[in-house]
Amino acid sequence: MIEIINTLQDFKNKRERLSGSIGLVPTMGNLHEGHLSLLKESLKENDQTILTIFVNPKQFLQGEDLDKYPRTFEQDIEKIKSCMHEDDHVIVFHPTNDHEIYGTSFNTTIKVESMNNVLCAKFRPGHFDGVTTVVYRIFSLCRPTISYFGQKDYQQYQIIKKMRDDLLLETKLKMMPITRDENGLALSSRNRYLDHDQREEAQILPQTLKEIESILKRGKVEDALSKAIEIKSKYSAWQYLEILDSKNLEPLSDTTKEVVIAGAFIVGSTRLIDNRLVLLNHAE
Ligand code: AMP
């Protein structure tokens with residue numbers, strides 16, 4: 001069964017009547033296989049799943065693509081249905097306007113201080129505060145047992161985890177691997193902005209991360225770090241290309257066990273992000 005709810009009050013009423021385990025999949029819609037992998041995992045693991053579709057203005061900076069962000073509600077519903085089995089129960093919360101998620105007098109910002117001035121945060125100041133604010137609100141409304149997020153947005157996942165821990169929120173968190181297309185490009189709603197040639201150029205992003213991964217897997221941490229610096233300096237399309245401790249997004253140290261290789265790459269006017277996680281157990 002699929003139920004679609006558009007207002008805050010209807011959603012609150014619905015939530016009061018739910019029992020059993022609840023999986024939460026927060027999205028901005030324009031669903032693709034990446035989103036659907038989160039949904040499928042939640043359907044497998046929970047009595048019911050809440051999938052939210054809300055293009056959150058608070059996480060867009062001025063001049064970003066808030067207005068042109070793809071809104072494809074009808075197709076999204078069809079995709080959700082295609083993942084469901086007979087006994088599955090999905091509640092789609094699709095607020096029709098900002099008040100239907102924030103209410104009318106919302107005046108709070110949730111800000112995680114750590115990890116909030118590196119990688120994407122450096123280039124999108126305030127973005128993650130918009131994310132944590134809406135995710136906190138959605139957690140409060142949904143009171144989920146498990147919430148599902150994608151590794152695609154690794155920094156976002158780590159910041160949300162820190163918020164969950166610091167604010168003693170009850171939900172468990174689960175991070176799902178990155179879903180990619182046949183050329184290795186991470187699926188993203190923004191890929192639809194790319195034309196044929198730009199799609200080809202975009203492959204530099206996953207290919208570079210893979211190349212650095214293979215250097216790291218051979219135990220050559222110093223080589224990987226200098227390779228990243230070299231590649232980034234040669235091509236202005238790189239907004240960042242960094243190798244950081246996956247636990248805290250800080251530079252590598254003697255205690256680093258796992259690294260994240262993270263890149264942001266601009267193709268035309270589209271900004272793409274991707275990352276790979278690598279265990280350092282082969283390191284010298
Ligand atoms: P968005 O609609 O872009 O806010 O994404 C909603 C959720 O889907 C986030 O947790 C993303 O990390 C996740 N997601 C987006 N793209 C992918 C992907 N290619 N693979 C796995 N998860 C993804």
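Atoms within each ligand, like the ligands themselves, are counted from 1 in listed order.
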Undergrad: Less than 4.0 angstrom from a charged side-chain N to a carboxylate O is my criterion; do Arg143 and Glu170 meet it?
TA: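 Not counted as a salt bridge, because no side-chain N and carboxylate O are separated by less than 4.0 Å.
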Undergrad: So, Phe54 versus His94, ring centres under 6.0 angstrom or not?
TA: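 Not under 6.0 Å, so no.
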Undergrad: Identify, by atom number and element, the atoms of ligand 1 in contact range of Pro26, meaning under 4.0 Å from any of its heavy atoms.
TA: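 Matching atoms, with element in brackets: 6 (C), 7 (C).
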Undergrad: So for ligand 1, is Thr179 a polar contact partner (N or O within less than 3.5 Å, distance only)?
TA: yes
Undergrad: Please report which non-hydrogen protein atom sits nearest to atom 23 (C) of ligand 1, along with the residue it belongs to and the distance in Å to one decimal place.
TA: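 Checking every protein heavy atom, the shortest distance to atom 23 (C) of ligand 1 gives Lys152 CB, 3.9 Å.
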Undergrad: Quick one: look up the protein heavy atom nearest atom 8 (O) of ligand 1 and list residue, atom name and how far away it is.
TA: His35 CD2, 3.4 Å
Undergrad: Note the single closest protein heavy atom to atom 11 (C) of ligand 1, along with its residue, its atom name and the distance in Å.
TA: Asp153 OD2, 3.1 Å
Undergrad: Under 4.0 Å between a side-chain nitrogen and a carboxylate oxygen: does that hold for Glu3 and Lys14?
TA: yes
Undergrad: Quick check on contacts: which atoms of ligand 1 are under 4.0 angstrom from a heavy atom of Phe149?
TA: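 Listed by number with element, the hits are 10 (O).
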Undergrad: State whether a side-chain donor-acceptor pair under 3.5 Å links Asn56 with Tyr102.
TA: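 Yes, Tyr102 and Asn56 have a side-chain donor paired with an acceptor closer than 3.5 Å.
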Undergrad: With respect to Leu187, determine whether any N or O atom, backbone or side chain, lies less than 3.5 Å from an N or O atom of ligand 1.
TA: yes
Undergrad: Inspect the contact between Lys210 and Glu213 and indicate whether a charged nitrogen and a carboxylate oxygen are less than 4.0 angstrom apart.
TA: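 No, no charged N to carboxylate O under 4.0 Å.
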Undergrad: What's the separation between atom CD1 in Ile5 and atom CZ in Arg15, rounded to the nearest 0.5 Å?
TA: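 That separation rounds to 11.5 Å.
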Undergrad: Show me which atoms of ligand 1 lie under 4.0 Å from any heavy atom of Thr27.
TA: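 By the 4.0 Å cutoff, the relevant atoms are 2 (O), 6 (C).
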Undergrad: Give the ring-plane orientation class for Phe11 versus Phe93, where under 30° counts as parallel, over 60° as perpendicular and anything between as tilted.
TA: parallel
Undergrad: Students should be able to answer this: which protein heavy-atom is nearest to atom 15 (C) of ligand 1, and at what distance?
TA: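 Protein heavy atom at minimum distance: His32 CE1, 3.9 Å.
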Undergrad: Give me the nearest non-hydrogen protein atom to atom 21 (C) of ligand 1 as residue plus atom name, then the distance to 0.1 Å.
TA: Pro177 O, 3.4 Å
Undergrad: Relative to ligand 1, is Asn30 under 4.0 angstrom through side chain, backbone, both or neither, heavy atoms considered?
TA: neither
Undergrad: Hey, could you give me the CE/OH distance between Met176 and Tyr148, rounded to the nearest 0.5 Å?
TA: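 These two atoms lie 8.5 Å from each other.
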Undergrad: How many angstroms lie between atom CG of Asp88 and atom NZ of Lys81, to the nearest 0.5 angstrom?
TA: 14.0 Å
Undergrad: For atom 4 (O) of ligand 1, grab the closest protein heavy atom and report residue, atom and distance to one decimal in Å.
TA: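 I find the closest protein heavy atom is Met28 CG, 3.6 Å.
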Undergrad: What protein heavy atom lies closest to atom 22 (N) of ligand 1? Include the residue and the distance to one decimal.
TA: Gly150 CA, 3.5 Å
